[in-house]
**Q** 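Here you go, one structure.
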Amino acid sequence: MKKKFFVTISIAVVMLMIVTAYAVNPPAASASDYYCTMTLEELEVMFAAGRYWNHVGLSSWDITTTTAYPCTSTHQHGKCGNSGSCGCNSYKGLCAQCMGFAYSLQYLAFNGFDGYPVAKENHNYSDAMSKLKAGDVIRYYNNGVLHSIFVTKVEGDTITFMDCNGTGSGCIIRHGETITKTGLKKNFVYVTHAPCELVSNAAKRVNLYETAVVTSKIALRVRQYPSINAASIGTLNPGAAVKVCHYPITDSSGNTWRRLLDGSGWVSSSYLQITGGRYLASGNYKIQCANGKYLSYASTPQNGRNIVSFDDLSGTSQANLQVWNFQPLAYFADSGAMVYRISPAANTKFSLDSDQKNNTILQLWEVQDSNAQKWIVEVRPDGSLQILNAGTRLALDVMDASNANNAEIITYTPHTESNQKFYLVAL
């Protein structure tokens with residue numbers, strides 16, 4: 001790929017001036033410190049097996065509430081719709097029992113992702129099973145009764161899940177239950193796909209973070225979960241400077257919460273003043289496409305090497321071909337966005353390089369001070385990331401929304417489809 005200093009000269013000059021004027025490093029944070037989405041292990045602690053997803057005997061509750069007591073016939077949601085006023089918990093007053101529980105898990109796991117709308121249901125069995133992943137919600141007939149489950153693992157034909165009320169016993173919570181895709185086929189109703197795959201503690205998916213100052217007049221409580229009913233596990237002094245995950249989560253009472261970047265707990269957004277933001281720590285990451293594949297390159301980095309999507313190479317001798325180094329270059333104070341160079345971690349003398357034109361293939365090229373190699377990472381409402389060229393604002397795009405290995409990555413006009421949605425996994 002020839003260098004393109006003559007392309008869109010006016011834009012390049014302006015952008016270079018902005019980069020020079022606001023060149024700063026983000027507040028120190030390690031890529032390995034991110035805890036911005038909930039993991040499977042955290043959900044299993046929050047909703048312990050053997051407890052009941054209800055608020056029997058409690059005057060205050062939300063979707064994270066569990067008790068040691070089963071629902072009885074006087075607590076069934078059918079007596080009061082889906083409001084939760086009968087003792088069963090409810091997801092936003094829309095659904096209760098097994099369905100409410102499954103969508104509550106999805107909501108908490110993915111930073112407030114709302115999977116309940118009918119428009120998100122996939123009723124095509126073959127398509128739903130081919131796309132099935134941890135974090136999805138399945139609706140099916142269980143012994144003739146409609147039931148919903150939250151998928152925690154997919155391995156071959158076997159689906160592992162969490163649920164409540166799966167035995168009809170007072171909304172009891174279960175972990176590690178299994179069903180097969182084959183056995184599900186005749187009883188299948190639909191799948192609500194999560195925006196990305198549920199991760200474990202060993203694979204933390206990254207969000208951007210912001211700096212903030214505590215504005216409360218007294219010590220601000222740090223909660224174990226994003227809920228006023230969650231246990232207080234610490235405090236922050238008034239005026240304390242903190243780093244919080246960029247994407248807030250809203251509880252069932254309308255309160256918004258931010259997770260502390262180090263994963264130590266949640267604090268109320270009402271008592272935070274954001275002072276700087278949308279940072280991504282410098283360090284190494286894997287760039288995951290929404291289809292589950294990863295940005296990759298073939299063999300040794302060199303000029304003109306095309307970037308493609310490929311299956312996960314973790315644990316193989318080629319794993320380094322999917323590891324990328326993000327180096328902060330500048331901060332756009334007007335928009336709150338940080339500019340990065342994205343290089344192969346194996347050789348940072350090369351960088352992702354755009355031809356500065358629409359619908360052109362992304363390649364590697366030797367590092368130069370060119371807008372072709374400067375990138376902005378933005379958060380979408382569903383928690384996914386969009387990666388944009390700082391000069392043209394064209395977005396990384398899996399060509400033709402292909403799910404095949406070696407599908408080429410291009411720069412393209414930004415849109416909201418899944419082939420421009422990416423996730424960063426901290427290493």
**Q** Going by salt bridge (charged side-chain N to carboxylate O under 4.0 Å, His left out), name the residues that satisfy it together with Asp397, two or more places apart in sequence or in a different chain.
**A** none
**Q** Residues two or more places apart in sequence or in another chain: which of them pass side-chain contact (heavy atoms from CB on, under 4.5 Å) with Ala346?
**A** Tyr297, Asn320
**Q** Provide the full list of salt bridge (charged side-chain N to carboxylate O under 4.0 Å, His left out) pairs with a residue in residues 175-192, sequence neighbours left out, each pair given once.
**A** Arg174-Glu177
**Q** What pairs with Asp312 under salt bridge (charged side-chain N to carboxylate O under 4.0 Å, His left out), at least two apart in sequence or on another chain?
**A** Lys286
**Q** Residues in side-chain hydrogen bond (donor to acceptor under 3.5 Å, both in side chains) with Asn122, at least two apart?
**A** Asp127, His193
**Q** Go through the structure and list residues passing salt bridge (charged side-chain N to carboxylate O under 4.0 Å, His left out) with Glu155, not counting sequence neighbours.
**A** Lys153
**Q** Applying salt bridge (charged side-chain N to carboxylate O under 4.0 Å, His left out), which residue pairs with at least one partner in residues 96-109 are found, sequence neighbours left out?
**A** none
**Q** Taking ring pair (Phe, Tyr, Trp, His ring centres under 6.0 Å) as the test, write out the residues that go with Tyr125, two or more places apart.
**A** Phe188
**Q** Just to verify, what does Asn405 make a side-chain hydrogen bond (donor to acceptor under 3.5 Å, both in side chains) with, not counting sequence neighbours?
**A** Lys293, Asp311
**Q** Answer yes or no: is there a side-chain heavy-atom contact under 4.5 Å between Asn142 and Val145?
**A** no
**Q** Sequence neighbours excluded, which residues qualify as side-chain hydrogen bond (donor to acceptor under 3.5 Å, both in side chains) partners of Ser104?
**A** none
**Q** Using the test salt bridge (charged side-chain N to carboxylate O under 4.0 Å, His left out), find all partners of Asp157 that sit at least two apart in sequence or belong to another chain.
**A** none
**Q** Just grab all the salt bridge (charged side-chain N to carboxylate O under 4.0 Å, His left out) pairs involving residues 113-126, residues at least two apart or on different chains.
**A** Lys92-Asp114
